Amino acid sequence: MARQSLEPRPERYDPQAIEPRWRRAWAEQGLYRVDLHDHTRPKYYFLTMYPYPSGDLHVGHWYAEAPADAAARYRRMRGYNVLFPMGFDAFGLPAENAAIRAAREGESVHPATLTYDRIARMEAQFDQMGAMFDWSKKIVTCDPGYYRWNQWLFVKMVERGLAYRKESYVNWDPVDQTVLANEQVIDGRGDRSGALVERRLMPQWHFRITAYADELLDFSGLEWPEKVKTMQTNWIGRSEGAEVVFRTEGGDPIPVFTTRPDTLWGATFVVLAPEHPLVARVTTDAQRAEVTAYVAAAEAKSEIDRQAEGREKTGVFTGGYAVNPVNGELVPIWIADYVLMTYGTGSIMAVPAHDERDLAFARAFGLQVRVVVQPSGAELDGATLAEAYTGDGVMVNSGRFDGTPTGKGEAGADGIARVIEWLEAEGLGERKVTYRLRDWLISRQRYWGTPIPMLYCDDCGLVPVPLEQLPVELPAEVAFMPTGQSPLTTFEPFLHTTCPDCGGAARRETDTMDTFMDSSWYWFRYLAPDKTDGPIDTAIAKRWTPVDLYTGGVEHAILHLLYARFFTKVLRDLGLIEHGEPFKTLYNQGMILGEDNEKMSKSRGNVVNPDELVRGYGADAVRTYLMFICPWDQGGPWNYQGIEGVSRFLNRVWSVVVEPPAGDPAAAVDEAVVKTLRRAVHTAIREVSDDLEGFRFNTAVAELMTLQNAMSKAKSAAIVLTPAWEEACRTLVTLLAPIAPHLAEELWQRLGHATSVHLERWPEADASALVRDEVRYAVQVNGKLRGEIEVSADAADEAIVTAAKAAPNVARHLEKGAIVREIVVPGKLVNLVVKPRG
RNA sequence: GCCGAGAUGGCGGAACGGUAGACGCAGUCGACUCAAAAUCGACCGGGGCAACCCGUGCGGGUUCGAAUCCCGCUCUCGGCACCA
């Protein structure tokens, strides 16, 4: 019969046992509850992009949140009062689509029920992560207590003229009977129905973001990735130029915008967008049939369709002519869909000699090409020109401006500036700035969003719902229709109300708001989630905002982040806050991919399930691996073998701290081993601090592995009795705390501490522990490594060089010639430059 | 087409202009075990017995010294794409 050893088996690292226990303890202690009024420590607002409650916490959520949590914990240990909140972006199409799908199958599912169920599930999954979220400040945007303030802000914006209603072209899905966002239209078809999307002109609510265009171009004081700033700048698309008024023969003005007023004399035709209001008036009877057909065809196409057809220029002559104001010439008026009604004035002057698109059009339809800018050293001819000339040169065929240089010469002396000056003096046009940015269309013909708080009264017209009557709540008892049409449009109790101004009958607006409205100001609400007398607690916001650090995926570079900046400026102008920028520092993490290096998706079958990983390895291992796998901003493929390695590391950390050492406790302690140990400890402090500061989690984990290796190597029954060993264990556990909070807490307790490791101060590296007595130098001859020497740390350069020359292999290489230069890099290497003899 | 970012062992990745490949994965060998797993130890860019030589996408350059800086390419990945 085999006899078991009488020694007690060392207790093993068991994350399943310790993790839930500590999470419960932290919750009971309120360890992560943030006192927003605590003025004893500097504040730090650490925000991550809140998720849509899809119902399942994806490993992508872990990748976004776990390293962020480590960075937030690090800041906290550094002495900051860190707010790290979490909430849910709870309105949106997927839940409503599920309700509509259910309706088609004769079942009944309400988006609210579905959403709150999913939120509950995701919260439980989030809890497993062991993050320091302060759930007491949670917000859920589909709560009336939240969206009420969307409505409040909307009304304030109506009062200021920042929200308005106008007709606008939208993507209309004829099968689902609803407007679709651009992102939902794929190759001209609705993403769910597969139906060809139509362009429809509908009255829609807009926010006047263009009023802030110039301010939005100013990023001063922001630490944002250049990439994001560039994307926003391009999206806003500021163009400087002039608006010049051409006229029809009948005298109707056709204002055109141009960035090249210096080429006005080369305008040989005018092009109107097919939707341009003047089209019908300028069209002659002879051309009418053709024009009408072209306009109808253009109208039927979505913008996506127009682009999908490539760059082939199409268009039709209207039969009408316009007068070029600078030279009185009559030029033909065409219509073409390459001119967009939504940009500039919806009409252009075409200068084919100096604009690529105009040249392509002119060549396609045999229109005149006239050169008005000649580059030096060439003689361009309009008849033979193969490529539009867009560079600088000298103005020709331009009347009084002949001989004027174009381009940036001396300030204000270039052709553009001089022509604009002259146009203004003559009353023919004026300086003008145009933006690509369009006003933000926020109407959605959907149920699951914030109801737009406006009323239509037969007598008073458009009337905002009085602030004290807010919120306009979404009626819960509606029935979802298989057609996909919003139930609000037919739900009588919602539709009918009375006008607050005249008391007569009024009808409610049935459009709801774009969900980007919710995310445009949500970070203020974390600071006062239950406030009932206003959207924002101005005093707390003054202290806590702007957000110090905002992390999230780069996919929100334009929409959300641009809207958030816009909104912050609006809130400032409403007097609710003082600053105009929401996020001081922005950091974009990368994306975690499937093992096959492809984006994770159910259809590919490469989805990694974090719940299973937590069951198998524990939350700390999942966290640590996600930090170790690659640089945070880079992202990369998941690897199941990789997490094994990290799990082994955590086990070794456990062993080195907890398990009894081997050897004789009475043996003499080797002072050199103690010194090496202390150096490893303090090097780790320095490196891990540095890495966490810069979000380099992968190298931070690597440094901790190095420290653990050094400790395992040094460990003996004698050394564990020294203060150096106690310091090493304490330091390892403290440095590990932000990364693997459960394991660190368990070990901390086992080291004999009564309070949480997460209340500890971050250690400081002791410079004296880093000092070496002996330093290893690499010895190079002519830049090639030839040997190594060890010298005392205080050796003078001469002594180092002498030692280098004497190194075994080095001397041989010195025989080839005379030393002409000796380079000593302190603490690193010696390079001896030898000039060969002869 | 335009604007970004990147390219380093079998793999993920480290490297203030200073010993390329830290740390981990995979692999090889060894210890423990009846055996296996787990664990521990050693090795681990290529060539060569060695001295050495070659090596950070490609071609040049600067430098005592270049993955790193400069010039010119190639490829990959993102974003924008008729914006007058």
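Because the structure is predicted, anything quoted here is derived from the model rather than measured. Letters A, B, ... are given to chains in the order of the sequence lines, protein chains preceding strands, and every chain is numbered from 1.
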ask   = Using purine N1 to pyrimidine N3 plus N6-O4 or O6-N4 for Watson-Crick, or N1-O2 and O6-N3 for G-U wobble, both under 3.5 Å, which nucleotide pairs with G57(B)?
value = C73(B)

inquiry  = Is Arg648(A) close enough to C25(B) that one of its side-chain N or O atoms is under 4.0 Å from OP1 or OP2 there?
reply    = yes

query = Base, sugar-phosphate, or nothing: which does Ile629(A) touch, judged by heavy atoms less than 4.0 Å apart?
reply = sugar-phosphate

request  = Check the angle between the aromatic planes of Trp638(A) and Tyr640(A) and answer parallel, tilted or perpendicular using the 30° and 60° thresholds.
outcome  = perpendicular

task = In whole angstrom, give me the gap between the C1' atoms of C77(B) and G27(B).
result = 31 Å

task = Could you measure between the two P atoms, the one in A5(B) and the one in C54(B), and give it in whole Å?
result = 34 Å

inquiry  = Please tell me if Asn809(A) has a side-chain N or O lying less than 4.0 Å from either OP1 or OP2 of C52(B).
reply    = yes

task = Taking only the side-chain heavy atoms of Arg436(A) (C-beta and beyond), determine which of C80(B), C82(B), A15(B) contains the nearest atom.
result = C80(B)

ask   = Across all strands shown, which nucleotide pairs with A42(B) by Watson-Crick or G-U wobble geometry, both distances under 3.5 Å?
value = U28(B)

key: Side-chain donor/acceptor contact of Glu788(A) with base of U19(B) under 3.5 Å   = yes

request  = Using the P atom as the reference point in each nucleotide, state the distance between G46(B) and G9(B) in Å, no decimals.
outcome  = 12 Å

message = Please determine whether a side-chain nitrogen or oxygen atom of Arg696(A) lies at a distance below 4.0 Å from atom OP1 or OP2 of G13(B).
response = no

query = Do other residues, nucleotides or ligands put more than 12 heavy atoms under 6.0 Å from Glu223(A) CD?
reply = no

query = Of the nucleotides C82(B), A84(B), G24(B), which has the atom closest to the Met705(A) side chain?
reply = G24(B)

query = Is the distance from OP1 or OP2 of A84(B) to the nearest side-chain N or O of Ser239(A) less than 4.0 Å?
reply = yes

ask   = Where the side chain of Arg812(A) is defined as all heavy atoms beyond and including C-beta, which of C40(B), C52(B), A84(B) is the nearest nucleotide?
value = C52(B)

inquiry  = Nearest 0.5 angstrom please: Met600(A) CE to Ile592(A) CD1, how far?
reply    = 6.0 Å

message = Using a 4.0 Å heavy-atom cut-off, does Arg238(A) contact any base of the nucleic acid, only the sugar-phosphate backbone, or nothing at all?
response = nothing

A22(B) and C29(B), which share atom name C1', separated by this distance in whole Å = 24 Å

query = Rounded to the nearest Å, what distance is computed from the CD atom of residue Glu555(A) to the C1' atom of nucleotide C77(B)?
reply = 16 Å

request  = Would you please classify the geometry between the His556(A) ring and the His560(A) ring as parallel, tilted or perpendicular, with 30° and 60° separating the classes?
outcome  = perpendicular

ask   = Can a side chain N or O of Gln780(A) be found less than 4.0 Å away from OP1 or OP2 on G18(B)?
value = no

query = If you take atom types as modelled and just measure distance, does the side chain of Lys313(A) reach the base of C82(B) with a donor-acceptor pair under 3.5 Å?
reply = yes

remark   = In whole angstroms, the gap separating P of C11(B) from CD1 of Ile643(A) amounts to 22 Å

message = Roughly how many Å apart are C75(B) and G59(B), using the C1' atom of each and rounding to a whole number?
response = 15 Å

Nucleotide forming a Watson-Crick or wobble pair with A50(B), both distances under 3.5 Å = none

ask   = Does His813(A) or Cys630(A) map to a spot on RNA chain B nearer the 5' end, using the closest nucleotide for each?
value = Cys630(A)

task = May I ask you to establish whether Lys313(A) and Tyr338(A) are in a cation-pi arrangement, using a distance under 6.0 Å from NZ or CZ to the six-membered ring centre and at most 45° from the ring axis?
result = yes

task = Name the closest nucleotide to the Leu785(A) side chain, picking from A81(B), G78(B), U19(B).
result = U19(B)

ask   = Would you say Lys784(A) reaches G55(B)'s phosphate, i.e. side-chain N/O to OP1/OP2 under 4.0 Å?
value = no

key: OP1 or OP2 of A38(B) under 4.0 Å from side-chain N/O of Arg12(A)   = no

inquiry  = Rounding to an integer number of Å, can you tell me how far Phe628(A) CZ sits from A22(B) C1'?
reply    = 10 Å

key: C1' spacing across the pair G21(B) / U56(B), given as an integer number of angstrom   = 9 Å

remark   = Per the glycosidic torsion and the 90° limit around 0, nucleotide G9(B) is syn

remark   = By the Watson-Crick or G-U definition, both distances under 3.5 Å, U33(B) is matched with none

ask   = In whole angstroms, how far is the C1' atom of A84(B) from the NZ atom of Lys432(A)?
value = 14 Å

inquiry  = Rounded to whole Å, how long is the line connecting atom CG of Asn651(A) with atom P of C25(B)?
reply    = 12 Å

query = If you check the Ile823(A) side chain, which of G13(B), C64(B), A84(B) turns out closest?
reply = C64(B)

ask   = Hey, does Pro637(A) reach any base, or is it just sugar-phosphate, or nothing, if we go heavy atoms under 4.0 Å?
value = nothing

query = For the side chain of Asn831(A), counting heavy atoms from C-beta on, which of A84(B), G65(B), G13(B) is nearest?
reply = G65(B)

task = State whether Asn639(A) places a side-chain N or O below 4.0 Å from either non-bridging phosphate oxygen (OP1 or OP2) of C11(B).
result = no

request  = Write down the distance separating the C1' atoms in G55(B) and G48(B), rounded off to the nearest Å.
outcome  = 15 Å

Pairwise P distance, A42(B) and G47(B) [rounded to whole Å] = 24 Å

inquiry  = Let's test this: given Watson-Crick or G-U wobble pairing with both distances under 3.5 Å, identify the partner of A15(B).
reply    = none

task = Run the salt-bridge test on Arg431(A) and Glu243(A) with the 4.0 Å N-O cut-off and return the result as yes or no.
result = no

key: Contact nearer the 5' end of RNA chain B, comparing Gly237(A) with Ala702(A)   = Ala702(A)

ask   = Reckon Gly344(A) touches a base, only the sugar-phosphate, or nothing at all at heavy-atom distances under 4.0 Å?
value = nothing

ask   = For A81(B), what is the paired nucleotide under Watson-Crick or G-U wobble rules, both distances under 3.5 Å?
value = none

task = Could you label the plane-to-plane angle of the Tyr343(A) and Phe257(A) rings as parallel, tilted or perpendicular, counting under 30° as parallel and over 60° as perpendicular?
result = perpendicular

inquiry  = Against the six-membered ring of Trp235(A), is Arg436(A) placed for a cation-pi contact (under 6.0 Å from the centre, within 45° of the normal)?
reply    = yes

key: Residues Ser655(A) and Tyr13(A): side-chain donor-acceptor under 3.5 angstrom   = no

request  = Respond yes when some side-chain nitrogen or oxygen of Asn709(A) is under 4.0 Å from OP1 or OP2 of G24(B), and no when none is.
outcome  = yes

